[in-house]
Amino acid sequence: MMLSDIHGHLRAALVATRIWDRIEVAEDIDAVGELAGQLDNGSLIIAPWRERADRQALAAGGFRQRVAVQFLTGVVIRHYDDFLGEARALQFDTYLRQLETALAGWYPPSGCAGCELVGGESSPVTKGVSIYVQIWETARFLTGA
């Protein structure tokens, strides 16, 4: 449910800017790498990353456990005439600022905490294609309902 909320929010927030090509959801990190090599410049990939649960907080009368939810976003940049990757690296800035504006502090409807950036890094995918992956964190409550 939360990944669906994130995908819908980013589609609404980013597609209107007209610089993003596609916003796709992948199952895991392996699928992200595979998909990144197939997508056009300015595409965004979202995937689940990690969940960490806190201890159940209620001693009696119900169940309520906070779960930190991490997800990744990967911005795909294609630029082939760039031996050192300078042009690809510079393009990341434009996309990342819009992505960060859309996510920083946003509360998913199925969540209980605003999104926070955990970290990010760039990596080549194939010749002329790079991806910048950021890890984001929010939270939800597990209630057993």
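Side chains included, hydrogens not; waters and symmetry mates left out as well; all remaining heavy atoms used.
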Original post:
Is there a side-chain contact between Leu72 and Ile29 (heavy atoms, below 4.5 Å)?
Top reply: yes
Subject >> Heavy-atom check, side chain of Arg97 versus side chain of Asp93, under 4.5 Å >> reply: yes
Original post:
Going by heavy atoms in the side chains, are Tyr95 and Ile77 under 4.5 Å from each other?
Top reply: yes
**OP:** Might you confirm whether atom CZ of Arg66 has over 12 heavy atoms from other residues, nucleotides or ligands at distances under 6.0 Å?
**Re:** yes
Original post:
With hydrophobic residues grouped by side-chain heavy-atom distances under 4.5 Å, do Val69 and Tyr107 end up in a single group?
Top reply: no
Subject >> Nearest non-hydrogen partners of His9 and Ala102, listed with the distance >> reply: NE2-O, 2.7 Å
**OP:** For atom CD of Gln38, decide whether the heavy atoms of other residues, nucleotides or ligands shown that lie under 6.0 angstrom number more than 12.
**Re:** yes
Original post:
Should Ile23 and His7 count as side-chain neighbours, where that means a heavy-atom distance under 4.5 Å?
Top reply: yes
**OP:** Search all heavy atoms of Ser43 against all heavy atoms of Asp21 and return the closest pair with its distance.
**Re:** OG-OD2, 3.4 Å
Original post:
Phe71 vs Trp136 aromatic rings, parallel, tilted or perpendicular, using cut-offs 30° and 60°?
Top reply: parallel
Original post:
Between Trp106 and Phe141, is there a shared hydrophobic cluster once you connect ILVMFWY residues whose side-chain heavy atoms come closer than 4.5 Å?
Top reply: no
Original post:
Does Val76 belong to the same Ile/Leu/Val/Met/Phe/Trp/Tyr cluster as Ile135, with side-chain heavy atoms less than 4.5 Å apart forming each link?
Top reply: yes
Original post:
Distance-only, no hydrogens or angles: does the Ser122 side chain make a donor-acceptor pair with backbone N or O of Tyr132 under 3.5 Å?
Top reply: no
**OP:** With the side chain counted from C-beta on, respond yes when Asn41 and Gln91 share a heavy-atom pair under 4.5 Å apart, and no when they do not.
**Re:** yes
Subject >> Close side-chain approach of Leu14 and Leu99, heavy atoms under 4.5 Å >> reply: yes
Subject >> Min side-chain heavy-atom separation Arg52-Gln70 under 4.5 Å >> reply: yes
Original post:
Hey, are the side chains of Val118 and Glu116 touching, using non-hydrogen atoms and a 4.5 Å cut-off?
Top reply: no
Original post:
Any idea which heavy atoms bring Met2 and Gly111 closest together, and the distance?
Top reply: CE-CA, 3.6 Å
